[in-house]
Engineer: 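Structure below; questions to follow.
Each chain gets a letter, A, B and so on, in the order the sequences are listed, and its residues count up from 1.
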Amino acid sequence: MRDYIIRRLLTLIPILIGVSIAIFIVMQLIPGDVVSGILGIEETPELRAMWEAKLGLDKPLIQQYFSWIGKALTGDFGESFRTGAPVFPEIMNRFKISAELALLACVIAWIIALPLGILSSLKRNSIIDRIVRVVALLGVSVPNFASATLLILFLSKTFNYYTPVKYVGLFENFGTNMEIMLLPAFILGSVMAGSVMRMTRSSMLEVLRQDYIKAVRAKGAPERVTIFRHAFKNSSIPIVTLIGMQIGGLMGGTVVIEQIFSIPGLGQFTLTGITQRDFPVVQGCVLFIAFLYVVINLLVDILYTYIDPRISYS
Amino acid sequence: MENLLEIRNLKITTLRGKNTVRLLDKVDLSVKKKCSFGVVGESGCGKSITANAILGLLPYPLRVSEGSIRYDSKDGEKELLALSKKEMRAVRGQEISMIFQEPMTSLDPIFTVEMQMFEALSFHHPHMGKGEMRERALEMLRRVNIPRPEQTLSSYAHQLSGGQLQRIMIAIALINDPRLLLADEPTTALDVTIQAQILKLMNDLKEQNDTSIIMITHDLGVIAETCEEVAVFYAGQIVEQASVVELFQHTAHPYTLGLLRAVTSLGGESRKLYTIPGIVPPGGQWSQGCRFADRCEQCREQCRRAMPALREIAPGHLCRCFLHGEEVEA
Ligand SMILES: Nc1ncnc2c1ncn2[C@@H]1O[C@H](COP(=O)(O)OP(=O)(O)OP(=O)(O)O)[C@@H](O)[C@H]1O
Ligand code: SF4
Ligand SMILES: [Mg+2]
């Protein structure tokens, strides 16, 4: 197992190098550059040359890349072209916020989806099952920017709600933080809940048909034991896979929601970096998100071995 | 009660769309104490659903629409169809156990054998200690001739063979000393040599424990090896019923004769040389006459018009066929 984990972590190196090259190329291809962004109408050839020298943009592309990756390998992700602030600490700050949002969204999604998915599989074709299925379908098919906008509109009309202007940290003021985070978390969570619910239902239905479930009942098992200990645990592999992918997606994929709710998370940081052509910021963010993806996938694969003894890596 | 189990007028139906479809029709069965009762018939005749109905394990949308299943339990006579869910759970695995056709999929793949044997005990003896459970589990594994019981306890299903798994299923089924064992094709999925071993094991255990067995199979050879009484199922009905000796010596129903011709002998190298042509009509496609008529070589005009009654043609020998009497089903 230890060897397996080490091997998996080693695969990170080519992945991250590949990603960084791709980002580098893409950043060169998109029109506009950081210097004209900084200088605006005050741009003169002298000023431009000065800034390009300062940011190292006067060097050949290959050299730019290698000097960046050389530093990145030592853990130095450089400074923002725009603010001059070191990128890595800022990524960590933003990550904490995104992680909180993601975690809240997951908890909300699971609280909604797992019980309803199980219930729906047990009461197949009943009224409850039908309602759950329709709601789940809505959850997966309405894009979250639409539900977010609608929800904000609805809340502002009926409860005089407004999206907060300034973010307040979890440890500065818990109450205010929750006021800011719960709504976006709910919107993200409800989208996730839709697919988790569908996966739970179909996976449970599949397992409930198995011989061993009948065999457990034939031993005289209470329904609770049959459903949770045997059926749900056996159903959980595809659910865990889905949840892992969703968490990975949440890390970088909350751009829209963070934008709508003015939450200074990783997604927003990446987006700002892109619009301002702030290369070190974009590189840092995307690499970090790629790193999270791989680690989360690894955690999911490790979790499999705890759920199912037939799965082992050697 | 004189008998251990009395099934009367059992009817099972299912739903297809909005229609109710009959799957089992007016089945009567009596299983004597300490007796092996065989149920034989081709695939789809209603053998498994009958067994599942006894333990209340019919899958939705199947249900018992009529009838009675009386059982002489350790603490008095019970109507199984009228039990609450809780009372039924107390019967399952303790009074009446069941083993299934596919040993490979009958154990939960993600738990150890030990855990699943302990479960069978703890559902009915919640206060039993780990040590005692372990002792009991090991004893059962030894009784079903599992070679390395300690090692087997910590194994998972995918680490064991089909024969071993079926032995373990039998050990689990018998761990609480039930009075009745429902064996739904327990050897069908196994190799011929393993089949013979499992059948011998079941015979031995039955002798030691005074457990009655309902042996479900599509193979009259298995019935001959293990049973005293036998009922032949066809298309949701009993078409012939007798003691095994009587059935083999004075086979009456054309369907039973067909099954006999198709018999595979255990342990031998003979293959199925003969199969009855045609298929069993499924529920919903039963004619009003004899349900075997389309496949019967001796079918007469009368057979298509009315359904023969199940009548006693010799002491203890029932048959549903116009060749053995003109009586018509009410
Ligand atoms: N879950 C179910 N849903 C719908 N119909 C079912 C279900 N289970 C059984 N049936 C139907 O009930 C009838 C009897 O099935 P049963 O399983 O009792 O047959 P069997 O005699 O045990 O055959 P086999 O040898 O194949 O096990 C069949 O026509 C089958 O199609
Ligand atoms: S009643 Fe007629 S069709 Fe049916 S088994 Fe007897 S002879 Fe054959
Ligand atoms: Mg069957």
Side-chain angles (χ1 to χ4, degrees), chain A residues 118-130 200-241 300-314, chain B residues 15 48 51-52 54-61 85-112 115-126 154-159 165 168-169 172-173 175-176 178 181-182 184 189:
Chain A
I118 293 173
L119 189 70
S120 162
S121 73
L122 297 178
K123 310 265 172 206
R124 185 175 27 157
N125 295 332
S126 66
I127 303 284
I128 300 174
D129 181 29
R130 282 175 212 188
T200 306
R201 177 179 185 275
S202 65
S203 188
M204 279 290 287
L205 281 178
E206 175 63 30
V207 169
L208 285 170
R209 290 198 284 114
Q210 300 297 315
D211 290 345
Y212 56 80
I213 295 298
K214 189 186 259 186
V216 167
R217 290 204 169 108
K219 288 196 287 190
E223 262 320 89
R224 164 178 52 82
V225 171
T226 313
I227 301 304
F228 292 103
R229 190 188 291 165
H230 293 280
F232 182 66
K233 198 167 173 208
N234 272 287
S235 317
S236 60
I237 291 250
I239 304 174
V240 166
T241 310
V300 166
D301 286 346
I302 294 172
L303 192 55
Y304 288 164
T305 64
Y306 286 95
I307 299 174
D308 190 338
R310 285 168 298 182
I311 300 174
S312 74
Y313 311 113
S314 44
Chain B
L15 286 176
S48 296
N52 288 332
I54 295 172
L55 279 182
L57 289 172
L58 285 177
Y60 175 86
K85 284 185 176 162
K86 191 158 169 248
E87 291 166 327
M88 183 48 102
R89 284 202 296 271
V91 170
R92 293 177 188 161
Q94 172 158 258
E95 296 267 2
I96 304 178
S97 284
M98 190 158 178
I99 54 177
F100 303 91
Q101 178 169 349
E102 293 288 343
M104 296 298 214
T105 55
S106 294
L107 276 179
D108 188 329
I110 64 179
F111 292 103
T112 58
M115 183 275 180
Q116 299 185 62
M117 294 192 82
F118 284 12
E119 239 183 4
L121 286 167
S122 66
F123 292 152
H124 303 287
H125 310 280
S154 56
S155 306
Y156 292 95
H158 70 279
Q159 298 164 326
L165 287 170
I168 292 166
M169 292 313 293
I172 291 177
I175 204 164
N176 290 313
L181 176 64
L182 309 176
D184 190 354

Engineer: Regarding A:D129 and A:S120, do their side chains bring together a donor and an acceptor under 3.5 Å, going by distance alone?
Structural biologist: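 Result is yes, a qualifying pair exists.
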
Engineer: Distance check, rounded to the nearest 0.5 Å: A:L205 atom CG versus A:R201 atom CZ?
Structural biologist: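 A:L205 CG to A:R201 CZ: 5.0 Å, rounded to 0.5 Å.
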
Engineer: May I ask you to name which of B:Q101, B:R89, B:K85 has the most heavy-atom pairs under 4.5 Å with chain A?
Structural biologist: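 Most heavy-atom pairs within the cutoff with chain A belong to B:R89.
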
Engineer: Pull out the residues in residues 215-224 of chain A that come under 4.5 Å of chain B, heavy atom to heavy atom, sorted by number.
Structural biologist: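 When heavy atoms of chain B are the reference, residues 215-224 of chain A contributes A:A215, A:V216, A:R217, A:A218, A:K219, A:G220, A:A221, A:P222, A:E223 within the under-4.5 Å range.
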
Engineer: Among all residues two or more places apart in sequence or in another chain, which pass the side-chain hydrogen bond (donor to acceptor under 3.5 Å, both in side chains) test with A:N234?
Structural biologist: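 Checked A:N234 against side-chain hydrogen bond (donor to acceptor under 3.5 Å, both in side chains); matches are A:Y212, B:D108.
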
Engineer: Which of the residues B:H124, B:E119, B:Q159 is involved in the greatest number of heavy-atom pairs with chain A at under 4.5 angstrom?
Structural biologist: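 Maximum pair count with chain A is reached by B:E119.
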
Engineer: Against chain A, label B:I172 side chain, backbone, both or neither, depending on which of its atoms sit under 4.5 Å from a heavy atom there.
Structural biologist: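 Side chain of B:I172 only, per the 4.5 Å heavy-atom cut-off to chain A.
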
Engineer: Sort B:E102 into side chain, backbone, both or neither according to what part of it lies under 4.5 angstrom from a heavy atom of chain A.
Structural biologist: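 Both parts, heavy atoms under 4.5 Å.
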
Engineer: So B:M98 and B:L55, side chain to side chain contact (heavy atoms under 4.5 Å, CB included) or not? Walk me through it.
Structural biologist: CA-CA 9 Å; B:M98 190 158 178; B:L55 279 182; 4.0 Å; yes

Engineer: Working to the nearest 0.5 Å, report the span between OH of B:Y60 and OG of A:S126.
Structural biologist: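 Between atom OH of B:Y60 and atom OG of A:S126 there are 8.5 Å.
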
Engineer: Less than 3.5 Å apart, any donor N or O on the side chain of B:Q116 or A:H230 sitting next to an acceptor on the other?
Structural biologist: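 The answer is no; no qualifying pair exists.
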
Engineer: Quick check on B:L107 against chain A: is it the side chain, the backbone, both or neither that has a heavy atom closer than 4.5 Å?
Structural biologist: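 B:L107 touches chain A through backbone heavy atoms alone.
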
Engineer: Is it the case that atom CZ in A:F228 sees more than 12 heavy atoms from other parts of the structure closer than 6.0 Å?
Structural biologist: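 Counting other residues, nucleotides and ligands, CZ of A:F228 stays at 12 neighbours or fewer.
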
Engineer: Please determine, among B:T105, B:I110, B:I99, the option with the most heavy-atom pairs under 4.5 Å with chain A.
Structural biologist: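 Sorted descending by pairs with chain A, the first entry is B:I110.
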
Engineer: Where does B:M169 contact chain A at under 4.5 Å (heavy atoms): side chain, backbone, both or neither?
Structural biologist: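 Looking at B:M169, just its side chain touches chain A.
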
Engineer: Run the numbers on A:F232 and A:M204 for side chain to side chain contact (heavy atoms under 4.5 Å, CB included), then give the verdict.
Structural biologist: CA-CA 6 Å; A:F232 182 66; A:M204 279 290 287; 4.2 Å; yes

Engineer: Can you tell which part of B:N52 gets under 4.5 Å to a heavy atom of chain A, answering side chain, backbone, both or neither?
Structural biologist: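 Contact with chain A is through the side chain of B:N52 alone.
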
Engineer: Given the options B:A157, B:P109, B:S122, B:G93, which has more heavy-atom pairs under 4.5 Å with chain A than any of the others?
Structural biologist: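 Top option by heavy-atom pairs under 4.5 Å: B:P109.
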
Engineer: Mind running side chain to side chain contact (heavy atoms under 4.5 Å, CB included) on B:F123 and A:V225 for me, showing each step along the way?
Structural biologist: CA-CA 10 Å; B:F123 292 152; A:V225 171; 3.9 Å; yes

Engineer: Counting only non-hydrogen atoms closer than 4.5 Å, does A:R209 touch chain B with its backbone (N, CA, C, O), its side chain (CB onward), both, or neither?
Structural biologist: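 Neither part.
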
Engineer: Where do A:I311 and A:Y304 land on the side chain to side chain contact (heavy atoms under 4.5 Å, CB included) test, with the steps shown first?
Structural biologist: CA-CA 7 Å; A:I311 300 174; A:Y304 288 164; 3.9 Å; yes

